[in-house]
Amino acid sequence: MLPIVYVLIKYIIPPKFLGNILQVIDVGKVSEVPVNSAKIVKFNKIPIILVHTTEKQIKAYSAICTHLGCVVQYHDTEGNFQCHCHGSIFDMNGKNISGPAPKPLMPYRVELINNNILIYKS
Amino acid sequence: MFLTKPKTIMIDWLNSRLHLHYLLTYLSNKNVPQHKYSYWYIFGGLTLFFFLIQISTGVLLLLYYSPTSDTAYESVQFIIEKVPFGWLIRSLHNWSAHLMIACVFIHLFSVYFMKAYRAPREMLWYSGVILLFIVLGFAFTGYLLPWDTTSYFATQIGTEIPRSIPFVGDLMVDLLRGGDYIAEESLKRLFALHVTILPLISMMLIAFHLILNQIHSVSTPRGIVVKDEGMPFYPNYIQKEFIIWLTGAGILSIFALLYPIHLGTKADPFASAPYGIKPEWYFLTLYQTLRFFPPKILNINSDLVVNILVIALSMIILIIPILDKNSSRVLRSRLFTWLGVSAILYLVVTIILAYLT
């Protein structure tokens, strides 16, 4: 009986992501993300929010809200990230400043090479 | 021989092989107690009726539904727009789910207030409470299947809730989702639960519940005088039940025809969650409770606190027959009556608050 239970349990636990895990991705030119705007890109199956701040900085964070996993959105008028599911707000440094989110958004390292935006695995 | 009606020949043929007369004699001799609160028991029968509608319309939807992230939304769209009466079958499936859950809650509370869980009917209560959880499981697993934006993010939120449980939280989320995020693997897992595992378990439990109901019959609350000898199960009680099921079918038809269920936009895992996303009414109490709490309580994640509360409350509901000793001794148990009233008030207030805020 035990071997059967063992086989069943091992079968239903999903195997970890077996595809190639990228260490870095090129998400395009800086000009493709105007100042005070953001776009969401896919990196190793995770949505990453890339923002071009009013201080002309490019920042990248995991777009997954640390509360219950909804995708956050950049609000250019308030200059923050908001989760529409339960109202969590994160500042431009990804810090949770309002709502039920218990942790900041996970940051990703960004580099600009030849005007191309590169995001590195955190 | 030639004068004998074909119907009589058929009945005699079946009777000689299945001994149906034993069953009919048993059912005719069985009396269902009648008292001034008997009408509350109609909700148990109505739950069964809506469950049968769920199974039959679910099988019909399966003829066209395709459970992959590329095709699920399109297949539901095809059912609604192209398949003759597809919109009606989907609407019946959706509305019968709402009505079934409402009937389960009313049945649970009526059994609770009549203290029908007292000895020797404890097993009826246990199986009924487990069936309530399974019915909610049906609702949860079926919600993602249309693969539209609301269902996607609602399932994302719902499957994330157990993560805060120590040691097993991550594993539970992985088991439900089949990966880190809601994706095709999640759709397939929830689909398998929705159409095979949960129906199998629920059918076995319903059979167990009904057999126990036949053994113990319906309960009579403490201090209530039973009228006469009760109602014969066959044909009177079955006729009465048939009328109630017809009424249920009428109510379901009104909802399904007048308020057909619409399909939102196709889910995009990389789009922002829509504003004001809320779960269905039966999960609003949990949703509102999560909102009552600050992010951290005494440096403990509030999601963990709510998870512990939900698990503890579910266990308490399950073991009510053990906790309420007075009822089993046919004594008054005012404390449990007031706990029931408080539970209803909390459910109503949280649902209203969740809708309004």
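Lettering follows sequence order; numbering is per chain, from 1.
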Next on the checklist: As an exercise, state the distance from OG of B:Ser272 to CD1 of A:Ile49, rounded to the nearest 0.5 Å.
Outcome noted: 8.0 Å
Item to check | More than 12 heavy atoms of other groups within 6.0 Å of B:Lys296 NZ | outcome: yes
Checklist outcome for this item: Okay, B:Tyr181 and chain A: the region with an atom under 4.5 Å from a heavy atom over there is side chain
Item to check | Heavy-atom pair count under 4.5 Å with chain A, highest-scoring of B:Asn301, B:Leu175, B:Ile161 | outcome: B:Leu175
Item to check | Atom group of B:Ile182 that falls short of 4.5 Å from chain A, counting heavy atoms | outcome: neither
Checklist outcome for this item: B:Tyr287 and A:Cys85 have their tightest heavy-atom pair at OH-O, 4.4 Å
Checklist entry - Is a donor on one side and an acceptor on the other found under 3.5 Å between the side chain of B:Gln156 and the backbone of A:Gly69? => result yes
Next on the checklist: With a 4.5 Å cut-off on side-chain heavy atoms, are B:Leu290 and A:Pro100 touching?
Outcome noted: no
Item to check | Atom of A:His75, atom of B:Tyr275 and distance for their closest heavy-atom approach | outcome: CE1-OH, 2.9 Å
Next on the checklist: How about OH on A:Tyr120, more than 12 heavy atoms from neighbouring residues, nucleotides or ligands closer than 6.0 Å, or not?
Outcome noted: yes
Item to check | Contact class of A:Ile40 relative to chain B, heavy atoms under 4.5 angstrom | outcome: side chain
Checklist entry - So which heavy atom on A:Tyr11 is nearest to which on B:Arg189, and how close? => result O-NH2, 4.5 Å
Item to check | Contacting moiety of B:Tyr152, where chain A heavy atoms sit under 4.5 Å | outcome: neither
Checklist entry - Would you find more than 12 non-hydrogen atoms of other residues, nucleotides or ligands less than 6.0 Å from B:Met123 atom CE? => result no
Checklist entry - CD1/B:Ile157 to SG/A:Cys83 distance, rounded to the nearest 0.5 angstrom? => result 7.0 Å
Checklist entry - How about B:Phe292: does its CZ atom have over 12 heavy atoms from other parts shown lying under 6.0 Å from it? => result yes
Item to check | A:His84/B:Phe153 aromatic ring centres below 6.0 Å | outcome: no
Checklist entry - Which atoms of B:Pro294 come close to chain A, meaning under 4.5 Å heavy atom to heavy atom: side chain ones, backbone ones, both, or neither? => result neither
Next on the checklist: Counting only heavy atoms from other residues, nucleotides and ligands, does the tally under 6.0 Å from CZ of B:Phe105 exceed 12?
Outcome noted: yes
Item to check | Neighbour count above 12 (heavy atom, 6.0 Å) for A:Asn114 CG | outcome: no
Checklist entry - Out of B:Pro269, B:Ser164, B:Ser302, B:Pro274, which one racks up the most heavy-atom pairs below 4.5 Å with chain A? => result B:Pro274
Item to check | Which atoms of B:Asp174 approach chain A - backbone, side chain, both or neither, heavy atom under 4.5 Å | outcome: both
Checklist entry - So what's closer than 4.5 Å to chain A heavy atoms on B:Ala271: side chain, backbone, both or neither? => result backbone
Item to check | Pairs of heavy atoms under 4.5 Å with chain B: top-ranked of A:Leu68, A:Ile13, A:Ile12 | outcome: A:Leu68
Checklist outcome for this item: What one should report as the nearest heavy-atom pair of A:His67 and B:Glu160 is O-CG, 4.2 Å
